[in-house]
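For reference, the structure I am asking about is given below.
Values below: all heavy atoms of this structure, side chains included; hydrogens, waters and symmetry mates excluded. All ligand and atom numbering here is 1-based and tracks the order in the structure.
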Amino acid sequence: MKRVVIIKYGELSTKSDNINFFLKTLKNNIDKKLEGLSYEIRYDHGRMIIFTEEVEKIKNKLQEVFGIHEICDGYLYEDRSLESIKENVLSLLNNEPFSSFKITVKRSDKSYPGTSISLASDIGAYILKNIPNITVDVNNPDVNVIVEIRLNEVLIYAGGIPGLGGYPVSTLGKGLLMLSGGIDSPVAGYLAIKRGVKIEAVYFDSPPHTSPMALKKVEDLARVLAKYNSGEVKIHVINFTKIQEEIIKNIPKYYLITMMRRMMYKISALICGSINAHAIINGESIGQVASQTLKSMQVINEAIKMPVLRPVCTYDKLEIIELSKKIGTYDISIRPYEDCCTIFVPDHPVIHPDINLAHEYETLVDFDTLVYEAIKNQNILHIKDTEENNFRDLL
Ligand code: ATP
Ligand code: MG
């Protein structure tokens, strides 16, 4: 008898043209996630079977891997006799409390005597005889036991736990997440990773106006995202102080946020070019603040040609908060340290900015030089999903 974990792909299995690429990437991502554990993976008719004795640890880790629809654990037996199948199903069911059950038999070895239905009812009758106070419920059972009779073995497992869904990370290219210390951007990053996009992050830092604790907060958020992003998130830390100070000195106050965000976009697009990323991702949500009216977004977006993905743009704040709690970023996001946007917000920012004015104001400062300097002096932090593996790397 062998202990196994079964991985079902769900949506992934519809990608018939490049299924092998998706599966290879999923397997790589699983291997990275399970580093240090002892297991072996076998591809098996539209799913993977992992042979392991460390079932619980592996099930927990697999719940952080995108591209998995369902995770089941079960047993593989060499003895295919009906007597031992009955005994094995009974011992599996003896392990858990339930009041109704169903047996589903699948015969991939069609020469095995009996039909799937007759075998299921044989096994079911045996279970009813041996466990008191239970019933069969074929529509909505507490436990559904699957018995797969294969050529040389029998696979027996009961209902699984849901995986994260989505696509394996890296199957759909790379994106650059504008990661602030707020609640929205980590959630936006998570949702992009879910669709198979591998992310790097950019953080605009404004020392001494922002404290080092604000950067630490962003690092901690990146560490949570790293869990889902194949174990690592690179953060491009941009010193934004000079650009902000020049904007404040030279540009009318009510256009401050518009201009600041145009510069953030420009820098982000240039970083995308240097890391071969194809889109910017951010946590903008329609109507949340003045810079997130549709008109504002249009004027800010006009600064660049790179596509900008806004995964939470239609979410209510409460929906974003709920997701941030689920993925584990909320408690970090609500730490009190301010980031560069919040400290420079004017009382009455423009909510319907004019593109011509934005262009005119852009001529008041030598932004090209400032943007070039900011990118040249960036720091890249490699944030791993485990604290002890972190190291800093100066460009
Ligand atoms: P909150 O969750 O409080 O709304 P926020 O980080 O979303 O915080 P916003 O002012 O709404 O703050 O900014 C919109 C988006 O712009 C953010 O979701 C983030 O993607 C990006 N952004 C803002 N400030 C920064 C920053 N300092 N560095 C990187 N990206 C930033
Ligand atoms: Mg926001």
Under a 4.0 angstrom heavy-atom cut-off, which atoms of ligand 1 come close to G182?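 The list of qualifying atoms is 2 (O), 6 (O), 8 (O).
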Taking the basic N atoms (NZ, or NE/NH1/NH2) and the acidic carboxylate oxygens, is any pair closer than 4.0 Å for K32 and D385?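 Salt bridge absent between K32 and D385.
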Taking only heavy atoms of I183, which atoms of ligand 1 are found under 4.0 Å from at least one of them?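 Contacts of ligand 1 toward I183, numbered from 1: 1 (P), 2 (O).
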For V202, counting its heavy atoms only, list the atoms of ligand 1 lying under 4.0 Å from any of them.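 So the answer, numbered in order with elements, is 29 (C).
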Testing V202, N282, L225 one by one against L177 for a side-chain contact (heavy atoms from CB on, under 4.5 Å), which residue passes?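 Of the listed residues V202, N282, L225, the side-chain contact (heavy atoms from CB on, under 4.5 Å) partner of L177 is L225.
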For N282, counting its heavy atoms only, list the atoms of ligand 1 lying under 4.0 Å from any of them.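 Those of ligand 1 that fall under 4.0 Å from N282 are 20 (O).
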Would you find a donor on one side and an acceptor on the other, under 3.5 Å apart, between the side chain of K217 and the backbone of S180?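 Checked: no pair found.
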Region of D205 that comes within reach of ligand 1 [heavy atoms, distance under 4.0 Å]: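 Neither part.
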Ignoring hydrogens, just give me the one of Q292, M264, R261, E284 whose non-hydrogen atom is nearest atom 11 (O) of ligand 1.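 Comparing heavy atoms across Q292, M264, R261, E284, the nearest one to atom 11 (O) of ligand 1 lies in Q292.
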Could you tell me whether the side chain of N301 reaches within less than 4.5 Å of the side chain of R310, counting heavy atoms only?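 With C-beta onward as the side chain, the pair touches.
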Ligand 1 contact on L179 by region, counting heavy-atom pairs under 4.0 Å: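 For L179, the contact with ligand 1 is made by the backbone alone.
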I need the contact type for K317 against ligand 1. Using non-hydrogen atoms and a strict under-4.0 Å cut-off, is it side chain, backbone, both or neither?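 The answer is the side chain.
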Can you check side-chain contact (heavy atoms from CB on, under 4.5 Å) on E40 and K2, steps first, answer last? CA-CA 12 Å; E40 202 179 301; K2 290 180 182 139; over 6 Å; no
For G283, take its heavy atoms, then give the atoms of ligand 1 lying under 4.0 Å from any of them.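 The atoms of ligand 1 under 4.0 Å from a heavy atom of G283 are 17 (C), 18 (O), 20 (O).
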Examine F204 against ligand 1 and note whether any of their N/O atoms are separated by less than 3.5 Å.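 Indeed, backbone or side chain, F204 has an N or O that close.
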Under the 3.5 angstrom rule, does the side chain of D316 hit a backbone N or O of E319 as a donor-acceptor pair?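 Side chain of D316 to backbone of E319, a donor-acceptor pair under 3.5 Å: no, none is there.
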For A358, is there any backbone N or O sitting under 3.5 Å from a side-chain donor or acceptor partner on R262?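 Pair absent, no side-chain N/O of R262 close to backbone of A358.
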Mark up the atoms of ligand 1 that fall under 4.0 Å of a heavy atom belonging to Q288, in ascending order.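 This gives 4 (O), 11 (O) as the contact atoms.
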